[in-house]
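Sharing a structure here in structure tokens format.
Sequence lines set the chain letters: A, B, ... in the order given, protein chains first and strands last, and positions in each chain run from 1.
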Protein chains: 2
Amino acid sequence: MTLPPDTQDETLTERQQAVLDAVLALMVEQGGELTMNAVARRASCSKESLYKWFGDREGLLTATVRWQASKVRTGNYDRTRLDALALRDSLIRFAANWLGVISSPTSIALNRFAIAQAGGGTPGGGLGAIMLANGRFAIGARLKPVLDAGRDAGLIDFDDTETAFRSFIGLVGRDVQIRLLLGDTLRLTPGEIEADAARATDQFLTLYGTANPVPGLPKTNA
Amino acid sequence: MTLPPDTQDETLTERQQAVLDAVLALMVEQGGELTMNAVARRASCSKESLYKWFGDREGLLTATVRWQASKVRTGNYDRTRLDALALRDSLIRFAANWLGVISSPTSIALNRFAIAQAGGGTPGGGLGAIMLANGRFAIGARLKPVLDAGRDAGLIDFDDTETAFRSFIGLVGRDVQIRLLLGDTLRLTPGEIEADAARATDQFLTLYGTANPVPGLPKTNA
DNA sequence: AAAGGTCCGTACCGTACGTTACGGTTCCCT
DNA sequence: AGGGAACCGTAACGTACGGTACGGACCTTT
């Protein structure tokens with residue numbers, strides 16, 4: 001009669017968090033073959049405890065996704081005083097951070113799981129909806145204030161913040177995520193991430209910047 | 001003793017093609033739960049025939065991916081004489097075509113399958129490698145001649161064709177593919193596809209175009 | 001008409017996995 | 001020290017699915 005704890009809000013024991021970390025580790029190294037037996041063995045816990053804590057396999061997976069999402073949340077990027085250089089710096093740091101996240105083995109493994117079961121008949125979306133809410137839409141909510149502030153400061157110009165935001169993440173991410181998800185052996189070193197972030201940001205500023213661009217960065221046809 | 005027909009090159013009976021179409025239909029409507037029984041029932045054939053024709057489940061899946069890929073191949077986009085308007089038109093048609101492909105239910109379902117098993121221990125990449133070869137890399141090989149021709153004609157300028165190409169598909173695709181894969185209810189009408197293709201192309205030409213842009217398209221901060 | 005091949009429908013087998021149940025151990029509370 | 005809760009390890013159960021085997025129908029060939 002134990003109803004599934006779908007309303008769990010950060011109420012996780014240290015032990016349970018360790019279990020979820022074990023799930024993440026298994027997802028990363030073992031890939032799509034994730035059995036309850038393997039989780040129990042890896043986490044050194046009994047399957048009975050797994051079912052008591054998370055209800056069923058689906059509950060364990062959603063708890064894992066939420067757990068990882070709660071670990072990824074970083075600081076905001078908005079500032080009070082904003083000049084062209086500060087805006088560019090904020091955008092570059094945002095882009096580099098996001099590239100680091102989406103190219104991390106954990107994010108790749110988690111997205112694979114969410115995508116694999118997004119097609120199933122699970123109503124409500126399941127893991128895919130959670131990944132979208134905590135990934136795509138969360139970063140949108142975090143970056144849009146920066147873009148709006150840049151527009152208010154007269155540094156950039158656009159009609160729709162959403163459209164500008166999508167152009168930016170398109171320039172930043174390009175085909176990285178889909179290639180990594182499909183198993184492409186694509187290594188992003190921290191140096192490449194930083195360079196890509198700067199290139200994408202400068203391209204974005206070229207497209208949406210006003211007449212006062214950052215000096216010395218007219219066009220970057222890298 | 002029937003060795004698996006891994007060297008099948010378009011040698012498919014009409015019956016077998018119908019079976020693969022049934023697999024595609026099942027992938028689209030049923031999602032990740034694809035059993036051999038369901039395929040046999042849907043295609044009105046026996047499981048024995050499935051195993052005789054495709055070896056095993058993996059062979060059936062790879063044959064399906066190849067079959068779909070062979071259906072998507074469209075005409076090339078290169079031209080002999082190229083002015084600014086012709087280049088822009090080629091890019092727009094290419095972008096619209098690609099957007100239509102990646103937003104089609106068949107492509108989404110197929111990518112879901114390839115991604116789901118790309119994490120598994122299957123060496124060589126499996127379906128993911130096939131999807132990459134026939135998707136991402138195939139369109140690259142098809143578009144790069146156009147970009148190079150545009151550069152030779154002095155219409156656009158860049159150092160690395162690959163980098164320019166990746167910026168282009170970033171501007172075109174943005175976050176469409178990952179959102180659809182995660183189950184986002186995102187509908188792309190033909191009109192939106194055409195508008196997105198034009199916007200992305202004009203943004204690309206703004207970034208990489210030379211001093212002679214298409215008249216009347218200086219900046220499109222849509 | 002007889003023979004042989006191809007294929008459909010179904011039944012069957014072995015295994016893997018999700019889920020449940022149980023005995024033994026550790027730890028906390030009083 | 002005694003009682004109880006939580007938990008670990010393992011065994012057991014039911015189902016689902018990949019893969020195989022078999023009987024019968026249809027079609028072609030001679």
Side-chain angles (χ1 to χ4, degrees), chain A residues 1-6 8 11-23 25-27 29-65 112-113 116-117 119-122 126-127, chain B residues 1-6 8 11-23 25-27 29-65 112-113 116-117 119-122 126-127:
Chain A
M1 270 313 120
T2 66
L3 46 155
D6 50 32
Q8 53 172 8
T11 64
L12 289 175
T13 316
E14 293 238 358
R15 188 78 187 88
Q16 296 170 354
Q17 293 178 7
V19 169
L20 297 184
D21 281 328
V23 174
L26 270 182
M27 282 180 172
E29 53 195 58
Q30 278 239 15
E33 303 168 7
L34 183 75
T35 73
M36 299 297 276
N37 254 321
V39 172
R41 236 180 300 122
R42 173 63 167 252
S44 293
C45 77
S46 73
K47 292 205 280 181
E48 192 176 15
S49 301
L50 290 183
Y51 284 99
K52 182 199 283 189
W53 292 333
F54 305 105
D56 56 356
R57 187 173 184 271
E58 176 73 15
L60 177 64
L61 262 49
T62 59
T64 303
V65 173
R112 286 212 180 105
F113 265 88
Q117 72 102 79
T122 347
L127 299 189
Chain B
M1 272 308 119
T2 64
L3 48 153
D6 50 31
Q8 53 170 8
T11 62
L12 290 175
T13 318
E14 293 239 357
R15 188 77 186 88
Q16 296 169 356
Q17 293 179 8
V19 169
L20 297 184
D21 281 329
V23 173
L26 270 183
M27 282 180 171
E29 53 195 61
Q30 278 241 10
E33 303 168 7
L34 184 74
T35 73
M36 300 297 277
N37 256 322
V39 172
R41 235 179 302 123
R42 173 62 168 252
S44 292
C45 76
S46 72
K47 289 208 285 180
E48 193 175 16
S49 302
L50 290 182
Y51 285 101
K52 183 199 284 190
W53 291 334
F54 306 105
D56 57 356
R57 187 172 183 272
E58 176 73 15
L60 176 64
L61 259 50
T62 59
T64 304
V65 173
R112 286 213 179 106
F113 264 89
Q117 71 101 76
T122 346
L127 298 189

* Is L34(A) touching bases, backbone alone, or none of the nucleic acid, heavy atoms closer than 4.0 Å? ->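 Here L34(A) touches the backbone only, sparing every base.
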
* **Nucleotide dC17(C), atom P - distance to CG of N37(A) in whole Å** =>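 These atoms are roughly 8 Å apart.
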
* Asked: Closer than 4.0 Å, any side-chain N/O of R15(A) to the OP1 or OP2 of dA6(D)?
  -> no

* To do: List in chain and number order the residues that pass side chain to side chain contact (heavy atoms under 4.5 Å, CB included) with S44(B), two or more places apart in sequence or in another chain; answer none if no residue qualifies.
  =>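 Counting only residues at least two positions away or on another chain, S44(B) forms a side chain to side chain contact (heavy atoms under 4.5 Å, CB included) with R15(B).
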
* Tell me, do M36(A) and L60(A) make a side-chain contact under 4.5 Å, heavy atoms counted? -> yes

* To do: Return the set of residues passing side-chain hydrogen bond (donor to acceptor under 3.5 Å, both in side chains) with D21(A) (not counting sequence neighbours), or none when no residue passes.
  => W67(A), K71(A)

* Estimated bend of the helix from dA1(C)-dT30(D) to dT30(C)-dA1(D) (axis per five terminal pairs, rounded to 10 degrees) ->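 The value is 10°.
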
Please tabulate the protein-to-nucleotide N/O contacts below 3.5 Å involving nucleotides 13-15 of chain C, giving atom names and distances.
none

* Choosing from dC8(D), dG19(D), dT19(C), which nucleotide comes nearest the side chain of C45(A)? ->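 That would be dC8(D).
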
* Asked: CG/L20(A) to CG/L61(A) distance, rounded to the nearest 0.5 angstrom?
  -> 10.0 Å

* Please state how far atom CG in L50(A) lies from atom P in dA6(D), giving the value in whole angstrom units. => 16 Å

* Asked: To the side chain of Y51(A), which of dG18(C), dG19(D), dC7(D) is closest?
  ->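 Out of dG18(C), dG19(D), dC7(D), the nucleotide with an atom closest to Y51(A)'s side chain is dG18(C).
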
* Asked: What's the CZ-P distance between F54(B) and dG19(D), to the nearest Å?
  -> 14 Å

* For dC7(D), does OP1 or OP2 lie under 4.0 Å from any side-chain N or O of W53(A)? ->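 For W53(A), the contact criterion (side-chain N or O under 4.0 Å from OP1 or OP2 of dC7(D)) is met.
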
* Structure fact -> In whole angstroms, the gap separating P of dC8(D) from CE of M36(A) amounts to 13 Å

* Asked: Given T64(B), which of V23(B), L26(B), L34(B) fulfils the side chain to side chain contact (heavy atoms under 4.5 Å, CB included) condition?
  -> V23(B)

* Whole-Å gap separating C1' (dC8(C)) and NZ (K52(B)) -> 11 Å

* **Counterpart residues, salt bridge (charged side-chain N to carboxylate O under 4.0 Å, His left out), relative to E48(A) (two or more places apart)** =>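 So E48(A) forms no salt bridge (charged side-chain N to carboxylate O under 4.0 Å, His left out) with any residue.
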
* Measure the distance from CZ on R57(A) to C1' on dT20(C) and round it to the nearest whole Å. =>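 My rounded result for the distance is 17 Å.
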
* Using modelled atom types only, decide if a donor and an acceptor are shared between the side chain of T13(A) and the backbone of Q16(A) within a distance under 3.5 Å. => no

Under 3.5 Å, which N/O atoms of the protein pair with N/O atoms of nucleotides 21-28 of chain D?
residue : atom : partner : partner atom : Å
dC22(D) : N4   : E48(B)  : OE1          : 2.5

* **Set of residues satisfying salt bridge (charged side-chain N to carboxylate O under 4.0 Å, His left out) with respect to R57(A), sequence neighbours excluded** =>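 Here no residue qualifies.
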
* Asked: side-chain contact (heavy atoms from CB on, under 4.5 Å) between F54(B) and V19(B): does it pass, once the steps are laid out?
  -> CA-CA 11 Å; F54(B) 306 105; V19(B) 169; 4.1 Å; yes

* Any side-chain N or O of S49(A) under 4.0 Å from OP1/OP2 of dC8(D)? -> yes

* Asked: So how far is it from R42(B) CZ to Q30(B) CD, rounded to the nearest 0.5 Å?
  -> 8.5 Å

* Asked: What's the CZ-C1' distance between R41(A) and dA16(C), to the nearest Å?
  -> 13 Å

* Asked: Partners of S46(B) by side-chain hydrogen bond (donor to acceptor under 3.5 Å, both in side chains), sequence neighbours excluded?
  -> S49(B)

* Asked: Between F113(A) and G31(A), what is the shortest heavy-atom contact and its length?
  -> CE1-O, 3.7 Å

